[in-house]
*Asks:* 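Take a look at this one; I'll ask things after.
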Amino acid sequence: MKRHTISLFLTLAAFWLLNSGHYSTLILLLGAASIILVLFISHQMDVVDQESQPLYLTRNILGYYLWLIKEIIKANITVVKHIWLGKESISPTLKKIKISQKTDMGKVIYANSISLTPGTVTIDLVDDEIIVHALLYKDIESLKAGEMDRRVSLLER
Amino acid sequence: MLVAATLAIFIAMTLAIIRGISGPTFYDRILAVNMFGTKTVLLISLLGFVMGRPEFLDIAIVYALINFISVIAVLRYSDTNQFKHTPATETSNHQSTEKEH
Amino acid sequence: MEIVINISSGLCLFIGSFVCVSGGIGILRFPDFYTRMHAVGVTGTLGAGMILIGLMLYSTDFLVFAKLVMILLLTLLISPTTSHVLAKAALHNGLMPKLSQNTVEQSSLEQESKETASSKS
């Protein structure tokens, strides 16, 4: 609880300082007051917890982001190629896929990574199954091969 | 290069507007509006650099948030039955998807 | 050094513009709503990312750089959320995607989503 409050305070302070750009005493005091107000309100709403500040992810998330950026660029090149090739070259597919994540956070990270990669969109997430719409049938097959699934599962621990 | 990129964004926005006007379903129109909003954010940032006024970036941040909230709001409203998609309104849908109401 | 930065930012802006125009072409060319959604996804990730990275290389002020990073993060957060919400609303309201013929088990899935659509009415 204490760690999450501190991390929320640091995030808000960085956001405020980068957006403001004026550093006179009065403005800084007003900024501190607004940060404290936001902290108070979020304590009242009881949203400062493990779910809104997933600090345990920070160890492994950087490597995952780098891998995800590489995947996004590769998928983008594929989709742009198929835009120029026209509608005969695509094979749209709607399919249910089983996922192996246990926690809600892991499921949401996996579903969002699929949506962020162009060519595949998560439509629904029910218990341990997701419905995915893909532009190409081979995207579904590469999802079923489970490279992304395995990397997200590594993040969970 | 900045001016060329601005013109390219204008072209993309025009294409999105054409889809928004002609789109056969309600969801195509929302998709086009969403893309138009994303392109507007990029356009404002580029114009800030073309005109030499980086203050435009603040407006771009606010516009991104407004765009997000408006799309979510319209789609929350679409959960009510008024937006139920019926195949009769779309001419190109050849699959038999009649539903019993 | 100056010229290297100028050339690389120009290259990033060019790639971004090309991808954005391709996305615009895609939204006109693709046959149905769900495939058009993928075209919009392209402009939301690589198009916006490349143009904003190009602008980051142009910027001299640190605050301007930080704001561009913020816009990029917001775009990357917003883009999957809107496409997921849009697709979910469309499927639950009974808009069926056109699928290619060689996919298996699509009929059972269609049946099921049709049931959810009709149970909501």
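Below, chains carry the letters A, B, ... as their sequence lines are ordered, and counting in each starts from 1.
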*Asks:* Tell me, side chain or backbone of B:Thr38 under 4.5 Å from chain C's heavy atoms, or both, or neither?
*Replies:* side chain

*Asks:* Within the structure provided, determine whether B:Phe26 and C:Asn93 are in side-chain contact (heavy-atom separation under 4.5 Å).
*Replies:* no

*Asks:* Return yes when atom CZ of C:Phe14 has more than 12 non-hydrogen atoms of other residues, nucleotides or ligands closer than 6.0 Å, and no otherwise.
*Replies:* no

*Asks:* Please find the pair of heavy atoms, one from C:Gly23 and one from B:Met35, that lie closest to each other, and give the distance.
*Replies:* C-CE, 4.2 Å

*Asks:* Tell me, for B:Leu46 versus chain C, whether the close heavy atoms (under 4.5 Å) come from the side chain, the backbone, both or neither.
*Replies:* both

*Asks:* In Å and rounded to the nearest 0.5 Å, what is the NE2 to CG distance from C:His84 to B:Leu75?
*Replies:* 10.5 Å

*Asks:* Top residue by heavy-atom pair count (under 4.5 Å) with chain B, among C:Val21, C:Thr75, C:Ile27, C:Leu77?
*Replies:* C:Ile27

*Asks:* Between C:Ala48 and B:Leu42, what is the shortest heavy-atom contact and its length?
*Replies:* CA-CD1, 3.8 Å

*Asks:* Does any heavy atom of chain B fall under 4.5 Å from the side chain of C:Met70, the backbone, both, or neither of them?
*Replies:* side chain

*Asks:* Determine whether C:Val85 and B:Val71 satisfy the following criterion, side-chain contact (heavy atoms from CB on, under 4.5 Å), listing intermediate values before the conclusion.
*Replies:* CA-CA 9 Å; C:Val85 172; B:Val71 171; over 6 Å; no

*Asks:* Which region of C:Leu74, side chain (C-beta onward) or backbone (N, CA, C, O), has a non-hydrogen atom less than 4.5 Å from a non-hydrogen atom of chain B, or is it both or neither?
*Replies:* side chain

*Asks:* Are any of the side-chain heavy atoms of B:Pro54 and C:Asp61 separated by less than 4.5 Å?
*Replies:* no

*Asks:* Side chains of B:Leu2 and C:Leu55, heavy atoms from C-beta outward: is any pair under 4.5 Å?
*Replies:* yes

*Asks:* With a 4.5 Å limit on heavy-atom distance, are the side chains of B:Ile9 and C:Ile51 in contact?
*Replies:* yes

*Asks:* Find out whether B:Phe49 and C:Ser59 are in side-chain contact, i.e. whether some heavy atom of one side chain is under 4.5 Å from a heavy atom of the other.
*Replies:* yes

*Asks:* With chain B as the partner, which of C:Asn6, C:Thr81, C:Leu68, C:Ile78 has the greatest number of non-hydrogen pairs under 4.5 Å?
*Replies:* C:Ile78

*Asks:* With chain C, which of B:Val41, B:Leu7, B:Leu15 has the greatest number of heavy-atom pairs at distances under 4.5 Å?
*Replies:* B:Leu15

*Asks:* Hey, are the side chains of C:Leu28 and B:Ile18 touching, using non-hydrogen atoms and a 4.5 Å cut-off?
*Replies:* yes

*Asks:* For each of B:Met1, B:Arg19, B:Lys39, tally heavy-atom pairs with chain C at distances under 4.5 Å, and name the one with the top tally.
*Replies:* B:Arg19

*Asks:* How close do B:Ala8 and C:Ser17 get, counting heavy atoms only, and between which atoms?
*Replies:* CB-CB, 3.4 Å

*Asks:* Between atom CG of C:Leu86 and atom OH of B:Tyr27, what is the distance when rounded to the nearest 0.5 Å?
*Replies:* 8.0 Å

